[in-house]
Structure formats: C-alpha cells, structure tokens
Amino acid sequence: MLNNNIIPANASSIKIASNILRENGIISFPTETVYGLGASALSSDAIAKIYAVKKRPRFNPLIVHVSSLKKAKQIGIFNAETQKLAEIFWPGPLTIVVPIRENSLISDLVTAGLSTIALRVPSNNIALDLLNYCDIPLAAPSANLSGTVSPTTAKHVFDDFHDSVDIILDGGRCEYGIESTIILSSKDGFKLLRAGYITEDIIEKELGIIVQKYKSSAIIAPGQLEKHYAPKAKLRLNASTLLKDEEFIGFGKVPDGISSTINLSINGDLVEAAMNLFSILRSIDDLKLNNVAVAKIPNIGIGIAINDRLQRAAI
Ligand code: TXA
Ligand code: MG
C-alpha cells in the first residue's frame with residue numbers, strides 16, 4: 001500500500017495538520033518520546049475517532065499535550081510542588097497527572113470520567129510548532145494499535161493505521177524512543193505511574209522530595225494493563241545463553257558463542273538502547289521470528305523503563 005499520507009513535517013504541512021485538527025480530524029505527529037495520534041481534546045467526536053482507530057478501551061484515559069505550563073494550568077490544578085516539577089522538566093518527556101479544572105472544556109472522553117488529567121508539554125520542535133499553530137490542547141496517545149509496540153518512526157504509524165489517519169507528519173526518528181515518565185501529583189505526594197527517561201532519582205535530586213516508587217507488577221493507572229508492547233514472538237529476558245530456535249537480541253558485548261546480528265546498543269549505551277527498543281521489537285515481527293532471547297539490561301536510569309517495557313512485552 002502506498003504510504004502517501006506520510007508528509008515531511010514543515011511549516012506548510014503543520015498548517016494542513018492544524019486545519020484537520022480544527023475540523024475534528026486525527027493526525028499523527030512526532031514527539032521526543034514516540035509518535036502521537038493527535039486530536040482536539042475539546043471535541044468528543046474527534047476523541048471518539050482516536051479510541052476507535054486505536055481499538056483502545058474507553059476506560060483508558062489519554063494524555064493532553066499543550067504548548068506551555070501556562071496553558072496546562074488553564075486545564076489542571078497545580079500545587080506549588082507540582083508547578084516546580086513542571087518548571088524543571090517541561091518542555092520534555094514528562095507527563096503530570098493533576099486534578100482537572102471544572103471549567104476546562106476538555107471532553108470527558110479524554111479523562112475516561114476521572115477527576116484527574118494527564119498533561120504534558122513536549123520538547124520536540126514539530127510538536128511544539130503544531131501546538132502553537134493550531135492553539136488547541138491535543139489529546140495524543142501513542143500512535144499504535146492498542147496493546148502493540150509504540151511507534152518511533154512515521155513508517156511505524158503507517159504500518160498500524162494505513163490511511164485511517166488523515167496525515168502523518170514525518171519528523172524522523174524519535175529522540176528518546178520510549179514513552180514519557182508519568183507522575184501522579186496526589187495529596188500524598190508524587191507517585192511514579194510509568195517509568196521513562198526522567199527517573200524518580202532524577203526528580204528526587206532536582207526537587208529534594210521523595211517520589212513513591214513504581215512497581216511494574218501493580219496496575220496503578222487505569223489502562224496500565226500488564227500485557228502491552230506485545231510482539232507476536234515469545235520473549236525470554238535476562239538471557240545469557242541461546243536455546244534452540246531462538247534469535248538473540250544483544251546489549252553491549254554478546255556472550256561468547258552467540259552470533260547475534262540484533263543489538264540494542266553495541267556500546268552498551270542505555271539511552272541508545274531505549275531509542276532502538278521499539279524498532280527492534282517491531283522488526284522481530286517483520287522477520288517473523290517466533291522465539292527471542294533478550295540480553296540482561298542494567299536496571300538503572302532509563303534501563304528501568306526499558307526493563308518495564310520488556311517485561312510487558314514478554315507476558
Ligand atoms: O510519551 C508519551 O507520553 C506519548 C506521547 C505521544 O506523548 N503518549 C503516550 O500516551 O504514551 P498513551 O495513551 O499511550 O499512554 C498514556 C498513559 C496510559 O497508561 C493512561 O492510562 C495514562 O497515561 N493516563 C492518562 N490519563 C491518566 C490519569 N488521569 N490518571 C492516570 N493515568 C492516566
Ligand atoms: Mg501507548
């Protein structure tokens with residue numbers, strides 16, 4: 001199939017995308033984490049399309065993207081600590097869940113009826129230009145079919161949706177390649193709901209306050225279903241040997257005796273591994289591999305998020 005709804009992101013395609021968004025259409029755009037499937041957060045019609053094309057359960061709420069903290073504060077309620085958190089890490093790969101304002105105008109479908117809302121100011125220039133130009137808060141889940149691997153290129157988005165998305169703005173590969181960290185700002189302080197590039201250690205160091213730790217086995221946020229990021233292949237994690245009929249995904253130096261052509265980062269660089277992770281998970285399905293062994297990934301920094309995604313992919 002022709003992928004003629006992929007267009008390079010530039011000033012004129014951003015205008016076209018904005019017009020589609022204003023008419024309650026859906027588009028895909030790059031962020032520094034993964035590609036998003038964007039629609040006006042003010043329009044229930046537009047949001048209904050997102051749930052439909054993603055085949056996403058309606059109880060799993062969406063993240064709303066805005067161009068600034070000022071705009072975020074028109075939608076959600078930020079206490080002093082939360083405002084500080086946003087000032088330090090926005091724009092960037094961090095989503096903050098706060099109580100929603102009663103007069104926010106955000107469609108109830110976005111929050112799946114919760115009294116809180118997930119907000120994020122992305123740092124990717126294309127995403128920011130789009131948000132500034134269309135001047136609408138954009139609900140944008142990752143642009144993949146529900147339960148599958150998030151997209152880090154425009155082609156990944158096309159592979160899942162073909163032309164059921166009006167246009168896909170192509171901004172090349174995503175810088176981080178793993179979804180944003182999600183922090184819940186609650187009465188009892190900050191809770192990590194999803195691990196990402198910004199770890200709880202980094203937040204604790206910057207703000208001098210404790211972040212309640214994330215347990216990858218607990219379903220804390222609605223929609224944080226355990227099975228996720230699921231390639232068709234069966235994954236075996238923390239592998240140092242290769243069983244019969246397995247392909248190996250390495251990280252750094254591959255154990256003696258294993259010949260591996262797939263490597264998350266030959267130099268053992270966790271940031272590079274995160275960037276490559278979803279492309280590699282998608283490619284093992286393209287290669288029709290059935291059994292895959294994945295090397296041990298150090299559980300530090302962004303390695304925590306990589307291991308979280310791998311564990312969900314391996315279920
Ligand atoms: O990096 C990202 O965050 C990407 C890019 C496109 O910005 N977006 C993304 O969206 O990963 P999505 O829909 O794939 O993941 C959103 C997560 C879900 O696990 C959802 O349950 C959670 O955010 N979420 C949304 N609203 C929430 C809320 N009010 N309370 C708790 N969790 C919430
Ligand atoms: Mg997602």
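Heads up: numbering here begins at 1 and tracks the sequence. Being a predicted model, the structure only gives us computed values, none of them experimental. Whatever order the structure lists them in is the order used to number ligands and atoms, beginning at 1.
Under the 4.5 Å side-chain heavy-atom criterion for Ile, Leu, Val, Met, Phe, Trp and Tyr, Leu62 and Leu42 are members of the same hydrophobic cluster. Following chains of ILVMFWY side-chain contacts shorter than 4.5 Å, one cannot reach Phe248 starting from Ile262, and the two form parts of different hydrophobic clusters. Both Val294 and Ile300 sit in one connected hydrophobic cluster of ILVMFWY residues. Membership requires side-chain heavy atoms under 4.5 Å apart, directly or through other members.
Atoms of ligand 1 lying under 4.0 Å from any heavy atom of Thr116, numbered from 1 in the order shown and given with element: 28 (C), 29 (N), 30 (N). Heavy-atom proximity to Ala118, at under 4.0 Å, picks out these atoms of ligand 1: 25 (C), 26 (N), 27 (C).
Residue contacts with ligand 1: Glu179 is placed with no nitrogen or oxygen under 3.5 Å of a nitrogen or oxygen of the ligand (distance criterion only). Residue Ser180 places at least one N or O, backbone or side chain, under 3.5 Å from an N or O of ligand 1.
Scanning Glu32, Arg56, Lys191, Lys54 for the heavy atom closest to atom 13 (O) of ligand 1 points to Arg56.
At least one N/O/S atom of Ser142, whether from backbone or side chain, sits less than 2.8 Å from the Mg ion (ligand 2).
A salt bridge links Glu179 to Arg309: at least one charged side-chain nitrogen sits closer than 4.0 Å to a carboxylate oxygen. Between Arg282 and Asp159 no salt bridge is recorded (no basic side-chain N to carboxylate O distance below 4.0 Å).
A heavy-atom separation below 4.0 Å is found between Asn60 and ligand 1.
Between the side chain of Tyr176 and the main chain of Gly196, no donor-acceptor pair closer than 3.5 Å is present.
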